[in-house]
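Numbers here are sequence positions counted from 1.
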Amino acid sequence: MFQTNYPPLGSELVEYQRSNSVAVHEGLVGPPALEFMEGSHRLLRSAVRWCYLLRYHRPQQFGNRLLAKGRRSMARLTQSGVSVYDGEHTPAMRDDSAGLQCMSRHKLNGRQSNSSAQNANRVAGDRYRFLNQEAVLPDPIDWRLNEHSQLSHLWRFHLHYHEFLLDLATHSPKMPSDCGMFRCWEIAKRWIGANQLSDTRVVDDAWHPFCISRRLPVWITLFCTSPPSPEDRDLILRSMAAQAMYLERHLERDLGGNHLLENAKALALCGTFFEGEEAEQWLSKADIILRHELDCQILPHGEHFERSPMYHAQMLEAVLDVRDAVTTIRPKLAQRCSEAAVHMADFLSEIIHPDGDIPLLADSCLGETAACELLIARAKANCWSSSHDAQHKTGARNIGDYWTWRDGADFLLFDGGPVGANDLPAHAHGDLLNIEASLNGQRVIVDSGVFSYGDDAMRKYSRSTAAHNVLQVDDCDQCDMWSKFRMGYRGWPERLSSGTCDGFDWAHASHNAYRRLGVPRIDRWVVCRQAGGWFVVDQAHGTKRHKLTNRLHLHADVIAVQESERTVRLIVGSDEYILSSLTPGNLRLTEGWFCPEFGKRIPAPVVEWSTNAALPAVSGWCLTKFESEIHTEMETTDNGVLTLNGNDAATNVTWSLELMGSTIHCRQVVES
């Protein structure tokens, strides 16, 4: 039930596949003809996908990709660069390191946790754990993992990031001397010896620009915490300089996005760490990249343009690191980073759940970023911000393409924005008009998260429309996700609108992702009643009959019990709620995957509603406290207006909500 197929790219291909299956079943064609038709279909699908790739990506991206591949090939052929700086003298360090010292304190402070301490103990025992997979790598470490072929490419990247050394450094006072800072520098020194750039087998991992960008800030932090012994100092400094020079020549301009920001951060830190002509060149190049990319990648409402909360938090930390490092050396750049960080922190504070962590929208999972609380506090230190603490606000708020509603520890997030960046959809999912929610501080309605970045069934599942809390038409995905990070056909949302009406806070958005199936628009209204009750209504426009499926993915800790054809009881800790369908259809409990962390998947309940209906058709549900005495029903009038009627027996209040276009009209009556 968890396997997903490639989505059709258009109604003509849906009919094409249907006719093929009928022809085979009726014996009209044999295996050779079927093989020919399937081959033609694959060619057509591939051609269409590449057309979308050319349509949405900038020409510079293709040019930069060819240039990057050429440079890496030349590096292998000519062995350009070495494992250590080959200048006449060891590069000198700057005397002014106050900014880097400040940055290092923040990075180590973020590691003051039990999980960090456990990881430090694992590394001390030659056990390395990334992405919830553990491997024993005794000294000397086999950096190419020849005996661990089951470990993913991303796992190898994490090994070369060296960020596990920050755990060792943070908890070294509680460990034997040979397992603390001494072990950190021994690992770094052995990495240098085992990963000569002239060895073409290590270029793709050890010397990958992104790995260098993540590793160099770690080594700089270690230097600021406890420098290596005098006999190792020159070797390590020369390697750091060589890595910075290689990075400068292999910036990931072809990918852009978070990769290019990480590249610029590493160059900025190296330019601040070293002194001399080359260091100034690194710093100047980082300055230029950051000034341009911050304007391009940080949206007006403060969100990172890839629209993944995980990468947003990581980029916030990167901007903060640069801000702290260059404060006295490049004050204008520091000020620009400070302004961007405050803006990004404001956005983050609005979308986090009451538990203080990110929603799992797009490619997001927990445990891959510094604590949101620390990032927000660090960004706003000594700064005035227009945002108050989102955890203590009540009511609705718009921030960019998102609408949030809070009431104490109850929280609902409605995402009315696009699936991702047009020219960088690598981390986008088919999740237009998605929602997440917490009740009494516990996550209840969740995004499925992301399990891995491999080109496998779980990657397809995580990105599929069926893995999100949205309306699906004819079992097709909203967008055509292919390969690991590609996207072809995609839908577009219309502008989010919202308002407040007689005790109801509401938001509305729509999208056109199913226009190729003859469904030109999907509307979604989200309504939160201030006196209790959440309501979500979807309407599919168009003609003919279509299969409609609406899903709500529940947290693995939620107990769901179907009580009738229209209701499901949700047990959340010590609280109980009733989830009711507002429209006739087949309501059932099924099971999906919940992936809160990389490499971790947990079976979790899914409430699924489906029907075959002539369009336009409506799907809706409401969530109320158990025994709340709120009764609700949905009606469609002759002129097509949707009406949500409700009665609160406890307060003798009846109400009627008319859902018209992108607005809601409300009428409440207090009965005598």
| field | Derivation and outcome, ring-ring contact (aromatic ring centres under 6.0 Å, His included), residues Tyr453 and Phe598 | value | CA-CA 9 Å; Tyr453 283 169; Phe598 274 123; 5.1 Å; yes
| salt bridge (Lys or Arg N to Asp or Glu O under 4.0 Å) pairs, two or more places apart, involving residues 500-513 | none
| remark: Between Ala340 and Leu294, the two heavy atoms sitting closest are CB-CD1, 4.3 Å
| query | How many angstroms lie between atom NE2 of His468 and atom CZ of Arg463, to the nearest 0.5 angstrom? | reply | 9.5 Å
| Residues Arg378 and Asp321 bridged, charged N to O under 4.0 Å | yes
| field | Distance in Å, Leu657 CG paired with Leu642 CG, rounded so as to fall on 0.5 Å steps | value | 11.0 Å
| field | For Lys484, side chain to side chain donor-acceptor pair (under 3.5 Å) partners two or more places apart | value | none
| remark: When rounded to the nearest 0.5 Å, the distance separating SG of Cys501 from CH2 of Trp655 is 13.0 Å
| said: If the condition is side chain to side chain donor-acceptor pair (under 3.5 Å), which residues does His508 pass it with, not counting sequence neighbours? | reply: Asp523
| field | For Pro596 against Leu360, the heavy-atom pair lying closest together | value | CA-CD1, 4.0 Å
| message | Tell me every residue that passes ring pair (Phe, Tyr, Trp, His ring centres under 6.0 Å) with His312, counting only those two or more places apart in sequence or in another chain. | response | Phe347
| query | Do the charged groups of Asp474 and Lys547 touch, with an N to O distance under 4.0 Å? | reply | no
| said: Tell me every residue that passes salt bridge (charged side-chain N to carboxylate O under 4.0 Å, His left out) with Asp431, counting only those two or more places apart in sequence or in another chain. | reply: none
| task | Say whether Asn258 and Glu306, considering side chains only, have a donor N or O and an acceptor N or O under 3.5 Å apart. | result | yes
| Hey, is Lys460 close enough to Asp477 for a salt bridge, meaning N to O under 4.0 Å? | no
| said: Whether the side chain of Arg490 engages the backbone of Met487 through a donor-acceptor N/O pair (distance < 3.5 Å, no angle test) should be reported. | reply: yes
| Contact check, side chains of Leu554 and Phe594, non-hydrogen atoms, under 4.5 Å | no
| Donor-acceptor pair between Asp363 and His429 side chains, under 3.5 angstrom | yes
| Main-chain N/O of Gly257 paired with Gln297 side-chain donor or acceptor, under 3.5 Å | yes
| task | Applying side chain to side chain donor-acceptor pair (under 3.5 Å), name anything that partners Asp295, two or more places apart in sequence or on another chain. | result | Arg336
| With distance as the sole test, does Ser498 use its side chain to make a donor-acceptor pair with the main-chain N or O of Ala507 at under 3.5 Å? | no
| task | Using ring pair (Phe, Tyr, Trp, His ring centres under 6.0 Å) as the criterion, list what pairs up with His259, not counting sequence neighbours. | result | Phe210
| Are side-chain heavy atoms of Glu608 and Leu589 found at a separation under 4.5 Å? | no
| message | Nearest 0.5 angstrom please: Leu261 CG to Met315 CE, how far? | response | 6.0 Å
| Worked verdict on Ser308 versus Ser364 for side chain to side chain donor-acceptor pair (under 3.5 Å) | CA-CA 6 Å; Ser308 155; Ser364 291; 3.1 Å; yes
| note | By side chain to side chain donor-acceptor pair (under 3.5 Å), Ser113 pairs with (sequence neighbours left out) Ser115
| message | Using only atom types and a distance under 3.5 Å, with no angle test, would you say the side chain of Ser662 pairs donor to acceptor with the backbone of Ser497? | response | no
Mind listing the side-chain donor-acceptor pairs of residues 437-444 below 3.5 Å, one per line with the distance, residues two or more places apart or on another chain?
from, atom 1, to, atom 2, distance (Å)
Ser438, OG, His353, ND1, 2.6
Asn440, ND2, Asp575, OD2, 2.9
Arg443, NE, Asp355, OD2, 2.8
Arg443, NH1, Ile358, O, 2.9
Arg443, NH2, Asp355, OD1, 3.2
Arg443, NH2, Asp355, OD2, 3.4
Arg443, NH2, Asp357, O, 3.2
Arg443, NH2, Ile358, O, 2.8

| Given Phe535 and Trp525, is the ring-ring contact (aromatic ring centres under 6.0 Å, His included) satisfied, shown in steps? | CA-CA 8 Å; Phe535 312 90; Trp525 291 269; over 10 Å; no
| Counting only N and O atoms by type, is there a donor-acceptor contact under 3.5 Å from the side chain of Gln478 to the main-chain atoms of Leu432? | yes
| message | Between Asp346 and Lys380, does the salt bridge (Lys or Arg N to Asp or Glu O under 4.0 Å) criterion hold? Intermediate values first, please. | response | CA-CA 9 Å; Asp346 282 344; Lys380 298 182 179 182; 3.0 Å; yes
| message | Going by side-chain contact (heavy atoms from CB on, under 4.5 Å), name the residues that satisfy it together with Gln335, two or more places apart in sequence or in a different chain. | response | Glu339
| Is a side-chain donor or acceptor of Tyr402 paired with a backbone partner of Gly416 at a separation under 3.5 angstrom? | no
| query | So how far is it from Ile435 CD1 to Ile445 CD1, rounded to the nearest 0.5 Å? | reply | 4.5 Å
| query | If only atom types and distance count, is the side chain of Ser448 paired as donor or acceptor with the main-chain N or O of Ala467 below 3.5 Å? | reply | yes
| said: Can you see whether Asp447 engages Asn434 through a side-chain donor-acceptor pair at a distance of less than 3.5 angstrom? | reply: yes
| message | Quick check against the 3.5 Å criterion: does Gln314 have a side-chain atom that pairs as donor or acceptor with the backbone of Pro309? | response | no
| query | How many angstroms lie between CG in Asn512 and CD1 in Ile522, if you round to the nearest 0.5 Å? | reply | 10.0 Å
| request: Would you check if the side chain of Arg566 reaches a backbone N or O of Glu563 as a donor-acceptor pair within less than 3.5 Å? | output: no
| remark: From the list Thr624, Asp648, Thr632, side-chain hydrogen bond (donor to acceptor under 3.5 Å, both in side chains) partner of Arg529 resolves to Asp648
| request: Applying salt bridge (charged side-chain N to carboxylate O under 4.0 Å, His left out), name anything that partners Asp410, two or more places apart in sequence or on another chain. | output: none
| Presence of salt bridge, Glu576 and Lys625, under 4.0 angstrom | no
| request: Please name all residues satisfying ring pair (Phe, Tyr, Trp, His ring centres under 6.0 Å) with Tyr311, sequence neighbours left out, ordered by chain then number. | output: His427
| message | Minimum heavy-atom separation for Ser619 and Asn550, please, with both atom names. | response | OG-ND2, 3.0 Å
| request: Dump the intermediate steps for side chain to side chain donor-acceptor pair (under 3.5 Å) on Asn647 and Thr654, then the final yes or no. | output: CA-CA 4 Å; Asn647 172 261; Thr654 62; 5.4 Å; no
| query | Do you know which two heavy atoms are closest between Pro603 and Ala556, and how far apart they sit? | reply | O-CB, 4.0 Å
| field | Any donor-acceptor pair under 3.5 Å from His343 side chain to Pro300 backbone | value | yes
| query | Can a donor-acceptor pair be found between the side chains of Arg551 and Gln472 at a distance below 3.5 Å? | reply | yes
